[in-house]
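Encoded as structure tokens, the structure appears first; notes follow it.
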Amino acid sequence: MEALDGTTVEVGFFPEDRYGSENGNLPVAQVAAYNEFGTTRNPTRPSMAPTFEEFTSQFHYARLMKSTFENVLRDGRQTNTLLKKLGKMVAEQMQVNIDDYPGSNSPAWAAYKGFNDPLFHTGKMLESVKFQIHRRQ
């Protein structure tokens with residue numbers, strides 16, 4: 001169990017992910033938060049919370065967590081591989097939720113973009129979903 005003590009798998013958007021200078025180098029995490037929680041000018045468009053709600057209730061997630069803990073208890077050799085697999089699976093599900101978001105843009109914004117996909121404009125947010133494994137030192 002020491003192999004997992006203090007270990008976290010973080011999925012989402014990290015400080016190095018930013019939009020370009022044409023968008024003021026705005027952090028992708030900030031835009032994702034605007035979408036997730038809404039602003040005074042924009043409605044909520046949650047994709048992160050549903051990812052974790054859906055994912056934690058799915059059987060394959062439970063199976064992967066079980067295999068991770070069993071491996072740690074046995075010999076711990078595959079722990080890092082299993083944690084990477086877990087991070088990748090959650091990140092991919094978040095990308096699906098972003099890509100398949102069912103809402104719509106305002107008519108004016110959809111006309112400006114040329115299409116009506118509320119969580120897609122440049123593709124930067126979708127491509128920025130990542131995972132990181134952190135271990136307590």
Side-chain angles (χ1 to χ4, degrees):
M1 291 305 288
E2 286 180 23
L4 286 178
D5 186 30
T7 300
T8 60
V9 179
E10 295 180 6
V11 179
F13 308 96
F14 298 93
E16 65 272 11
D17 297 309
R18 295 179 168 274
Y19 288 91
S21 57
E22 71 281 2
N23 290 310
N25 294 313
L26 195 62
V28 174
Q30 186 173 351
V31 174
Y34 290 161
N35 282 300
E36 188 76 13
F37 304 110
T39 67
T40 56
R41 296 180 5 192
N42 298 305
T44 61
R45 295 184 176 118
S47 63
M48 291 182 280
T51 297
F52 296 106
E53 290 165 7
E54 293 165 11
F55 210 78
T56 56
S57 66
Q58 293 181 12
F59 179 71
H60 63 275
Y61 172 78
R63 235 182 30 215
L64 180 60
M65 289 303 295
K66 180 181 177 196
S67 67
T68 300
F69 286 113
E70 286 173 347
N71 173 266
V72 168
L73 292 173
R74 258 192 330 273
D75 58 19
R77 285 188 302 214
Q78 295 180 358
T79 303
N80 200 46
T81 300
L82 291 167
L83 291 173
K84 285 180 183 178
K85 185 175 181 181
L86 174 64
K88 183 177 186 242
M89 288 173 65
V90 176
E92 287 172 349
Q93 185 62 48
M94 187 178 291
Q95 288 174 318
V96 166
N97 284 356
I98 291 168
D99 197 37
D100 292 347
Y101 186 78
S104 61
N105 290 118
S106 69
W109 188 243
Y112 173 80
K113 288 177 20 175
F115 54 91
N116 190 8
D117 188 342
L119 293 182
F120 187 88
H121 184 72
T122 65
K124 182 67 176 172
M125 186 166 68
L126 190 62
E127 73 184 33
S128 295
V129 177
K130 297 178 184 152
F131 73 92
Q132 295 178 354
I133 299 170
H134 300 278
R135 288 187 169 78
R136 184 174 29 183
Q137 302 293 344

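Within the structure, ring-ring contact (aromatic ring centres under 6.0 Å, His included) contacts touching residues 25-49 (residues at least two apart or in different chains) do not occur. Residue pairs that meet the side chain to side chain donor-acceptor pair (under 3.5 Å) test with at least one member in residues 106-120, sequence neighbours left out, are Asn105-Lys113.
Annotation for Val129 and Ala91: closest pair CG1-O, 3.5 Å, computed over non-hydrogen atoms. For the pair Pro118 and Tyr101, the tightest heavy-atom approach, listed with the atom from each and the gap, is CG-CD2, 3.4 Å. Here the shortest heavy-atom pairing between Pro50 and Asn97 reads C-ND2, 3.7 Å. For Phe120 against Phe115, the heavy-atom pair with the smallest separation is O-CE1, 3.3 Å.
Distance OG1/Thr8 to CD1/Ile133: 9.0 Å, rounded to 0.5 Å. With rounding to the nearest 0.5 angstrom, the CD atom of Glu92 is 12.0 Å from the OG1 atom of Thr51.
Considering only heavy atoms from C-beta on, Asn35 comes within 4.5 Å of Met125 through its side chain. Inter-residue side-chain proximity for Arg45 and Pro43 is flagged as met; some heavy-atom pair is nearer than 4.5 Å.
The cluster map of Ile, Leu, Val, Met, Phe, Trp and Tyr, joined by side-chain heavy atoms under 4.5 Å apart, puts Met48 and Phe14 in different clusters. Clustering ILVMFWY residues whenever any of their side-chain heavy atoms sit less than 4.5 angstrom apart, transitively, puts Val96 in a cluster other than the one holding Val90.
For the pair Thr39 (side chain) and Arg41 (backbone), a donor-acceptor distance under 3.5 Å is present. Distance alone, capped at 3.5 Å, is enough to place a donor-acceptor pair between the Gln95 side chain and the Leu126 backbone.
Not a single salt bridge (charged side-chain N to carboxylate O under 4.0 Å, His left out) links Glu36 to another residue, sequence neighbours left out. The side-chain hydrogen bond (donor to acceptor under 3.5 Å, both in side chains) test applied to Lys85 returns no partner, not counting sequence neighbours. Remark: Lys84 pairs with no residue by the salt bridge (charged side-chain N to carboxylate O under 4.0 Å, His left out) rule, at least two apart or across chains. Remark: Glu127 pairs with Lys124 by the salt bridge (charged side-chain N to carboxylate O under 4.0 Å, His left out) rule, at least two apart or across chains.
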Going by atom type alone, with no hydrogens or angles, which donor-acceptor pairs under 3.5 Å involve a side-chain atom of residues 17-29 and a protein atom two or more places apart or on another chain?
{"residue": "Asp17", "atom": "OD1", "partner": "Lys130", "partner atom": "NZ", "Å": "2.6"}
{"residue": "Asp17", "atom": "OD2", "partner": "Lys130", "partner atom": "NZ", "Å": "3.4"}
{"residue": "Arg18", "atom": "NH1", "partner": "Asn25", "partner atom": "O", "Å": "2.7"}
{"residue": "Asn25", "atom": "OD1", "partner": "Ser21", "partner atom": "N", "Å": "3.4"}

